[in-house]
Structures are given as structure tokens and as C-alpha cells.
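Each remark here refers to the structure printed beneath this line.
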Amino acid sequence: MNGRTLWLLGAGLLCMAGAVAAVETQGLPGTNPNPVQLRRPPVAPLSAMAQLGQKIFFDASLSSSGALSCASCHSPDHAYGPPNDGPVMLGGPAQSRQGTRAVPGLTYLERQPNFSIGPEKDEDDNVVDFAQLAALGQQAPRAKKVATGTAASAVNIVPQGGLFWDGRADTLQDQAIFPLLDPNEMDGGSIEIVAQKLRQASYAPRFAELFGAGVFDNTRLLVAEAMFAVARYQVEEPSFHPYTSKFDYWLEGRARLNESELRGLQLFNDPDKANCGGCHTSQPTRDGLPPLFTDHQYEALGAPRNAALAGNRDPDHFDLGVCGPYRTDIAEQTQYCGMFLTPTLRNAATRRVFFHNGVFTSLEQVLDFYNFRDTNPEKVFPRGADGTVRKYDDLPEKYHGNVDVSDPPFERHLGDTPAMTAQDEADIIAFLKTLTDGYQPER
């Protein structure tokens, strides 16, 4: 493929990469011929509140083991994701208890919407509760999610937004308290124990400076303010949302994608191939915000069961995502059982485990799952004692109907030709690597 062909391929991806900008490209091979100007968060010194949150984020003394901090599982050196290659992190007093889900990254959460069901509402819309919306969702036709038509899929009455794999927290402040108290994670014990440790911390005087000495007398207020400080740190610290990937700079005309990366971008957004962009949207917003590579919606994909998780030794144990076990407010809406949040693909190439249960350990395995789940399920699912393929083995059979079988490439059937070739998968992975932050642009 020569330089002119590369340039034309880049031009053909224009509608998938963003809107037209006034700046002219130099026409170099692999450069975005229609660069856009991205709007990044402003960079400023951390406020006193955020500085306090930073100290708490790195404070291992708040854990029962004295060795586990927020940063232990959300490592700054790993895009605030897990630093090891285990399916889950280990916590508890001896750091020997398994967590129950793969640790999600903490980057780019400042733009995550609150949990809701169905399309976002305008301020003047009538308020409809979860149960009413869920009931509507049972009858409403589901729009197919394809990379070139994500606007149509936005009307789907499915869960969206929220934090964690099941969306049970809406704010970074609420999110911070869960792992702090979880006995399988930091295992802080109780609000009272955590508060006492905060009173004795080296940074305790900062609480008095910010909130007054009386804050130490109110246990719940003290812990709440500590979690608010952690949230402010995540919002203000630029490394939680840098938007410094090669793809960001390509969008701006400041970097060039090579032949494989350009093909990968095309395949990523091709409804007849990978169709990744159907859920992991790659377009900047109309007002210039960089793409987040997620539509914030929930999907039931039917990933294989992970035998490495201790909880899965019980054949009757199932993680049902938004239906439980952690959130219970919509457990009766069984049409959502098995659904988990669609994560951002930014920095995905830095991760060592994938999906909510950490069942996959490479991007190659992830793409094989998408490619072969329906055409050659024996390549991704185990076989039972009788030799039959145990498809969707991590979901009770009564919920198998919730699994997505309509969005490409999942609309294929047993024996059909898979959507992607081995070269296609390799090119998509090459593109995914351009979403890793820390790239040095050419200009």
C-alpha cells in the first residue's frame, strides 16, 4: 500500500473520525485529512481539597492489612487500572481474599452519566421511574447498534450510566467508599474504624483547615468529606483524563497512523466486520470533546465462566450484573440479568485481563470471542462431560435470551463465516494500541 492509498484510506474514514475542521492537513501519509480541534479539560494546580484526596488515595493505612490503598488496585502506572495479571485483585487482612470482579480503570470517569434506564431525559420531560421504564423496555423494539448509526441505538430502553460494572454508584464520592469497606478489598471494617484512622492520619490537620475542627466529632461527615476529597482529586488530576493518545493527536492532524492502524480503525467502525464502534463510539462530540469509546450502555454478551474465581466453584453462583448480587434495586427486572457496563477502550491495550470476570487475558482472546462466539462457539466456550459446547456457561439458562444476538457481529449463526480474519483482528489490535495515553505527537 503506497502513501497516496494510505491518505485516501484516511480520507474514507472521515465520517467515522469526526467533523471537518478549518485547519488544512499537510497531506502526509496516514494523517487525518480533516483534523478537528479537541477540547480537553483545563490543567491547573490541585486545590487544597484535591491535595487532601491525593493523600487519601495513596494511604494504605486505611486498609485492614495496612498494605492496600486505592492506588494499589488503581495504579497510576497502569492507567489507574490493576497492576497485576490476575483476574481480580486480592484484599482482606492478609491480602489473600479474592475480589469478585475485574478491577475497572478510573480514567475518564468525569464524563460518566448517572445510572438510568432508557435515553437521557430533558429537564422538562415527565419523570418515569425504573420499574415503568423497564416495563416499557420489555415491549419496545430494540434498535440495532452499528458503528455508523449509534444515534438510533440511543433510544433503546436499556440501562446506561453509573459507575462500577453494575452502575450502582453515581458519583466518584460514592464509588470511593465501596472498596474501602469491602472485606475482599481494602476491608476498612466500618465507618467508625475508618474515621478513627483519618483522625490519626498525618494529613488530619488538613481536615480541620478545610472543614473546621468540628468535623472530627461527626464520624459520618468526616468519612464523607474524605471520599469527596478523593473525588476532587480524580476530577482535578490531569492524569485521570489526559486525552494524549496517538488517536487523539491523529484526530487533530498531529500524528500519522500506519497502514495497519488505519485498517484497524476502518474495521473497528465497519458494521460488516468488527462493528466495535456500535458500542465503543469513536467520534468526538459536536462541541469537540474527545471520544470516550463507550456509549455508556449495558450489554449481556454471555462471556465464558472464569474457573479461576473462587466464587465460581459453586455451580449455583452467578454474577448477574445489574440484577445482583451487589445492586438490588432492579433485580426484579430480569430482562437485564447478565448485563454489564460497556467500558471505555481507552488504554485497553495496557490491561492484562478483560470483561467483568477477567476471563480473557489478551486482546486477541477478546476479539476471538467476538468473532467466534456464534459461528464457532467451541473455540471460546468449554465442553461439558458429554462433549457438548457449554455456551453462555456463566449465565443461568433462563436468562440466555438476554444475550445480545442482534448487534453485529453477534447476528451470525453456527457455521457462518466469521466476521473477521486473523489479519483483521491484528489490525484492530494495532488500532486499539493507538488509544493508549502518553503518545508524543509529531507537532
[X] [atom1] to [Y] [atom2] distance, which is reported to the nearest 0.5 Å:
X	Y	atom1	atom2	answer
Arg220	Glu225	CZ	CD	14.5 Å
Glu185	Thr100	CD	OG1	7.0 Å
Leu345	Phe431	CG	CZ	8.5 Å
Asp427	Leu267	CG	CG	6.0 Å
Met186	Asp182	CE	CG	11.0 Å

Taking ring pair (Phe, Tyr, Trp, His ring centres under 6.0 Å) as the definition, give me every residue that meets it alongside [X], ordered by chain and number, with sequence neighbours left out.
X	value
Tyr370	Phe410
Phe369	Phe355, Phe360
His400	Tyr392

- Please identify each residue that fulfils side chain to side chain donor-acceptor pair (under 3.5 Å) with Lys246, with sequence neighbours left out.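 For Lys246, the residues satisfying side chain to side chain donor-acceptor pair (under 3.5 Å) (neighbours in sequence not counted) are Glu261.
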- Could you list the residues that satisfy side chain to side chain donor-acceptor pair (under 3.5 Å) with Asp166, not counting sequence neighbours?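 Asp166 satisfies side chain to side chain donor-acceptor pair (under 3.5 Å) with Arg101, Arg168 only.
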- Note on the structure: For residues 200-212, the salt bridge (Lys or Arg N to Asp or Glu O under 4.0 Å) pairs (sequence neighbours left out) are none
Compare every heavy atom of [Y] with every heavy atom of [X], then report the nearest pair and how far apart it is.
X	Y	result
Asp404	Arg373	O-NH2, 2.6 Å
Thr107	Ala79	CG2-O, 3.4 Å
Asp170	Gly162	OD1-CA, 3.9 Å
Met420	Ala274	SD-CB, 3.7 Å
Pro87	Gly358	CB-O, 3.8 Å
Pro290	Arg111	O-NH1, 2.8 Å

Within the structure provided, determine whether [X] and [Y] are in side-chain contact (heavy-atom separation under 4.5 Å).
X	Y	answer
His74	Phe57	yes
Leu265	Phe247	yes
Asn357	Phe340	no
Val322	Leu341	no
Glu299	Cys279	yes
Leu109	Gln175	yes
Gln160	Ile117	no
Asp248	Arg40	yes

- Can you list the steps and then say if Leu172 with Leu163 is a side-chain contact (heavy atoms from CB on, under 4.5 Å)? CA-CA 8 Å; Leu172 293 171; Leu163 302 168; 4.1 Å; yes
- Message: Under the ring-ring contact (aromatic ring centres under 6.0 Å, His included) definition, can you give me all pairs with a residue in residues 302-328, not counting sequence neighbours?
- Response: none
- Residue pairs passing the ring-ring contact (aromatic ring centres under 6.0 Å, His included) test with at least one member in residues 164-208, sequence neighbours excluded, are Phe164-Phe178
- Task: Give the C-alpha distance, both sets of side-chain angles, the deciding distance and a yes or no for side-chain contact (heavy atoms from CB on, under 4.5 Å) between Glu110 and Gln234.
- Result: CA-CA 8 Å; Glu110 81 284 355; Gln234 292 179 243; over 6 Å; no
- Item | Partners passing salt bridge (charged side-chain N to carboxylate O under 4.0 Å, His left out) against Glu237 (at least two apart in sequence or in another chain) | none
- Message: Under the rule for salt bridge (charged side-chain N to carboxylate O under 4.0 Å, His left out), what residues qualify as partners of Arg254, not counting sequence neighbours?
- Response: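 Result, salt bridge (charged side-chain N to carboxylate O under 4.0 Å, His left out) vs Arg254: Glu252.
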Are there over 12 heavy-atom neighbours, none belonging to [X], within less than 6.0 Å of that residue's [atom1]?
X	atom1	answer
Lys197	NZ	yes
Gln440	CD	no
Lys273	NZ	yes

- Starting from the C-alpha separation in whole Å, work towards a yes-or-no answer on side-chain contact (heavy atoms from CB on, under 4.5 Å) for Leu367 and Ile428. CA-CA 9 Å; Leu367 284 170; Ile428 292 167; 4.0 Å; yes
- Query: Picking from Leu292, Leu251, Leu289, what satisfies side-chain contact (heavy atoms from CB on, under 4.5 Å) with Pro284?
  - Reply: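 Among the candidates, only Leu251 passes.
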- Geometric cation-pi criterion Arg346 and Tyr108, 6.0 Å radius, 45° cone: yes
- Starting from the C-alpha separation in whole Å, work towards a yes-or-no answer on side-chain contact (heavy atoms from CB on, under 4.5 Å) for Val194 and Leu181. CA-CA 9 Å; Val194 171; Leu181 298 179; 4.0 Å; yes
- Tell me, please, which residues at least two apart from Cys323 pass disulfide (SG to SG under 2.5 Å).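 Disulfide (SG to SG under 2.5 Å) list for Cys323, sorted by chain: Cys337.
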- Message: Centroid separation under 6.0 Å, is that true for the rings of Phe228 and Phe211?
- Response: no
- Query: Phe240 and Tyr80: aromatic ring centres closer than 6.0 Å?
  - Reply: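 Yes, close enough.
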- Item | Within residues 51-83 or reaching into it, pairs that qualify as disulfide bond (SG atoms under 2.5 Å apart) - sequence neighbours excluded | none
